[in-house]
Novice: 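Okay, handing you the structure first.
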2 protein chains.
Amino acid sequence: MDTLEPLETRELRYFTAVAEELHFGRAAERLGMAQPPLSRAIQRLERRLGVRLLERNRRGVSLTGAGEVLLHEGRAALDAITAATRRTRRAGGSGGPEGARDRLVLAVKAAASHELLQKLLAAHAAEPDAAEIEVLPCGMCEQPELLRDGRADVALMHAPFNSLAGFDSEELMTEGQIAVLPAGHPLAARETLSLADISDVPDLPPARWQQHGTYPPGPGPEIRDQTQLAQLIALGRTLAVFPESARAWLWSEHTAVPLSDAPPVVTHIAWPAHSRSLALAGLIRTATRL
Amino acid sequence: MDTLEPLETRELRYFTAVAEELHFGRAAERLGMAQPPLSRAIQRLERRLGVRLLERNRRGVSLTGAGEVLLHEGRAALDAITAATRRTRRAGGSGGPEGARDRLVLAVKAAASHELLQKLLAAHAAEPDAAEIEVLPCGMCEQPELLRDGRADVALMHAPFNSLAGFDSEELMTEGQIAVLPAGHPLAARETLSLADISDVPDLPPARWQQHGTYPPGPGPEIRDQTQLAQLIALGRTLAVFPESARAWLWSEHTAVPLSDAPPVVTHIAWPAHSRSLALAGLIRTATRL
DNA sequence: TACCTGTGATACCCGACGGGTATGACAGAG
DNA sequence: CTCTGTCATACCCGTCGGGTATCACAGGTA
């Protein structure tokens, strides 16, 4: 009876599609198949698990408690599977037979900790038998996702912006934060600022980053990347808060003022907790010795 | 070409079996199937990944580098899948429709932190809407495994014995360690001891715990559980080091002597980093307020 | 050398199941 | 009462997972 025969990957993919769309037709389309076999697959899954996952309410579909659990756990499992695929391909694919130099993919928030990254890469390259490092630039908060699904092996993360939950990590650097203001603005003349000073400046409303294709509400300008933000600051339309290392790429129309009470930004090197790769261990050793 | 069609769970199971046995016949037997289809499945897997996983050396099989990667990553993925199955079944299975009280499985090293556990369970039961807690006693080091494959949702772990890598955790308690000696032994008369004092006592060699069915080498007696250890100490054959809370279950033939230089034991409550369960959050809140 | 043994690979067959199309059942909007 | 949108059912087919029988080949062994 309770055979505990494991879920097949395909079933998990089907279920997450339906659970996300809450609509069999759209889910089937997304999966590139017809709707009836999808329905059957979900039914079979529910039968196998002995648990109702979806509530079919004649008009749309909703998740049961168990369905929500499976959606979360299933996503994690699917990530683990694609990570296994990617890392295996990477380990054996490129070079011919064994002996192919190990390759590590390092995910880095574009333009963040640039100097640190330079030093790290230089120091690592100087090591004998160092693995080849591929730098994967990424957006603000996607390092965890990249590590989880195997597109990256190791990442530079920035607390408190990235959560280190679920990863092993080592601290590399701590820095304060600065307010970046239009050079001509009255506040730019100050020696230091507090978060309160800049939280409610009427003529410099905080910019709104695009999140999942949509923008949060508010008065500030809408932006999609850091260059747009830099330009808007230069135009006197907004201000922003950055780690001190951002001074490296400021424009002449920008003025940086230290923030007295902003939480410090801690740069970590982080990797999946179960990693057992020698190449990774070498990189971490190099990083912690910087 | 590079369809990146995901690995099926079955293929992963087959591969890990072969990779562990390094022998197609035995692996097939373990999987309850015949050898030829297993061989074909592995070949197909290698073709799909475009990577050689096993080196067939006419006399036995060995893992390639990519094979080792897939073995590690695949185990993690399989754990994630069985965790998804277990937690989903648990979430929807027991009680009828929704509203069934949440249930959490708490893994605890048997007899460790007993008093803390008592207080935690009492405090939790006093909360309104508290989830039902099932206590799962386990051996010394298996809490991480239980959390990973979903047999448990949360665990009491003891640094530095358990590694917290890959989990979220909160510190609950710190305690010193004690040496537990036969009551009549000369060392038992001391006020305190150091690790050096007890590391090489000829008539009290450290006991050897069974690990994966086998015993490490050495002069000490072989044991399989804590009761056997307690008895051997009472008989004057060995000594042991425990956290202070072990005083609760000492026998009258035992004497506990504080260790001045043993690292403190820190009890944590730990859970999978991706957990999003309200019931779990409630338990953690209760625990940290103790 | 010749043979036996143990190993993984190949050849062939069958039944199960994943997937497609057509259609049904049913609730809600008009 | 019909029309529409939605998921379930019925039925068919091709693929593929699995089994049995057998092959190919390396190492011992007499």
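Note that these values count all heavy atoms, side chains included, but never hydrogens, waters or copies made by symmetry. Being a predicted model, the structure only gives us computed values, none of them experimental. Just so it is clear: chains get the letters A, B, ... in the order the sequence lines come, proteins before strands, and each one is counted from 1.
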Novice: Whole-Å distance between D:dA8 C1' and A:Ile42 CD1?
Specialist: 13 Å
Novice: Run the side-chain hydrogen bond (donor to acceptor under 3.5 Å, both in side chains) test against A:Glu170 and tell me which residues pass, sequence neighbours left out.
Specialist: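 Checked A:Glu170 against side-chain hydrogen bond (donor to acceptor under 3.5 Å, both in side chains); zero matches.
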Novice: Tell me: CZ of B:Arg48 to C1' of D:dG17, nearest whole Å?
Specialist: 13 Å
Novice: Among residues at least two apart in sequence or on other chains, which ones pass side chain to side chain contact (heavy atoms under 4.5 Å, CB included) with A:Arg13?
Specialist: A:Arg10, A:Leu31, A:Leu78, B:Pro6
Novice: Please tell me if A:Arg56 has a side-chain N or O lying less than 4.0 Å from either OP1 or OP2 of D:dT6.
Specialist: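 No, no such contact exists.
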Novice: What residues in residues 15-22 of chain B put a non-hydrogen atom under 4.0 Å from any atom of DNA chain C?
Specialist: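 Nothing qualifies; none.
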Novice: Please tell me if B:Ser39 has a side-chain N or O lying less than 4.0 Å from either OP1 or OP2 of C:dA9.
Specialist: yes
Novice: Do the side chains of B:Lys109 and B:Glu142 get close enough for a salt bridge, i.e. N-O under 4.0 angstrom?
Specialist: no
Novice: Return the set of residues passing salt bridge (charged side-chain N to carboxylate O under 4.0 Å, His left out) with A:Glu127 (not counting sequence neighbours), or none when no residue passes.
Specialist: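 Counting only residues at least two positions away or on another chain, A:Glu127 forms no salt bridge (charged side-chain N to carboxylate O under 4.0 Å, His left out).
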Novice: Applying salt bridge (charged side-chain N to carboxylate O under 4.0 Å, His left out), can you list everything that pairs with B:Glu68, at least two apart in sequence or on another chain?
Specialist: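 With neighbours one apart ignored, the set is empty.
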Novice: Find the distance B:Leu45:CG to D:dG17:P and express it as a whole number of Å.
Specialist: 12 Å
Novice: Send over the distance from A:Tyr14 OH to D:dC7 C1', rounded to a whole Å.
Specialist: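 From A:Tyr14 OH to D:dC7 C1': 17 Å.
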Novice: Side chain to side chain contact (heavy atoms under 4.5 Å, CB included) with B:His72: which residues, sequence neighbours excluded?
Specialist: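 A:Arg276.
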Novice: Tell me: CG of A:Leu38 to P of C:dT21, nearest whole Å?
Specialist: 14 Å
Novice: So, are A:Arg90 and A:Asp153 salt-bridged, with charged N and O less than 4.0 Å apart?
Specialist: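 Here A:Arg90 pairs with A:Asp153 in a salt bridge, since their nearest N and O are under 4.0 Å apart.
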Novice: Residues two or more places apart in sequence or in another chain: which of them pass salt bridge (charged side-chain N to carboxylate O under 4.0 Å, His left out) with B:Asp149?
Specialist: B:Arg86, B:Arg151
Novice: Nearest-Å distance, CG (A:Leu53) to P (D:dC7)?
Specialist: 15 Å
Novice: For the pair A:Gln43 and A:Ser39, evaluate side chain to side chain donor-acceptor pair (under 3.5 Å) and give the outcome as yes or no after the intermediate values.
Specialist: CA-CA 6 Å; A:Gln43 289 173 43; A:Ser39 285; 5.1 Å; no
Novice: The criterion is side chain to side chain contact (heavy atoms under 4.5 Å, CB included); which residues satisfy it with A:Ala84, sequence neighbours excluded?
Specialist: B:Leu70, B:Glu73
Novice: Which atoms of nucleotides 19-21 of chain D (N or O only) lie under 3.5 Å from a protein N or O atom, and what are those distances?
Specialist:
{"from": "D:dG19", "atom 1": "OP2", "to": "B:Ala34", "atom 2": "N", "distance (Å)": "2.8"}

Novice: Select one nucleotide: of C:dG18, D:dA8, C:dG8, the one nearest the side-chain heavy atoms of A:Gln43.
Specialist: D:dA8
Novice: D:dC7, OP1 or OP2 - any side-chain N/O from A:His23 closer than 4.0 Å?
Specialist: yes
Novice: Using whole Å, report how far CZ of A:Arg47 lies from P of D:dA8.
Specialist: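 Rounding to the nearest Å, CZ of A:Arg47 and P of D:dA8 are 13 Å apart.
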Novice: Check side chain to side chain contact (heavy atoms under 4.5 Å, CB included) between A:Ala19 and all other residues, then give those that pass, not counting sequence neighbours.
Specialist: A:Phe15, A:Leu63, A:Leu71
Novice: What integer distance in Å separates B:Arg10:CZ from D:dG17:P?
Specialist: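 Taking atom P of D:dG17 as the reference, CZ of B:Arg10 is at 6 Å.
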Novice: Tell me, please, which residues at least two apart from B:Glu222 pass salt bridge (charged side-chain N to carboxylate O under 4.0 Å, His left out).
Specialist: B:Arg208
Novice: Enumerate the protein-to-nucleotides 14-16 of chain D contacts in which both atoms are nitrogen or oxygen and the separation is below 3.5 Å.
Specialist:
none

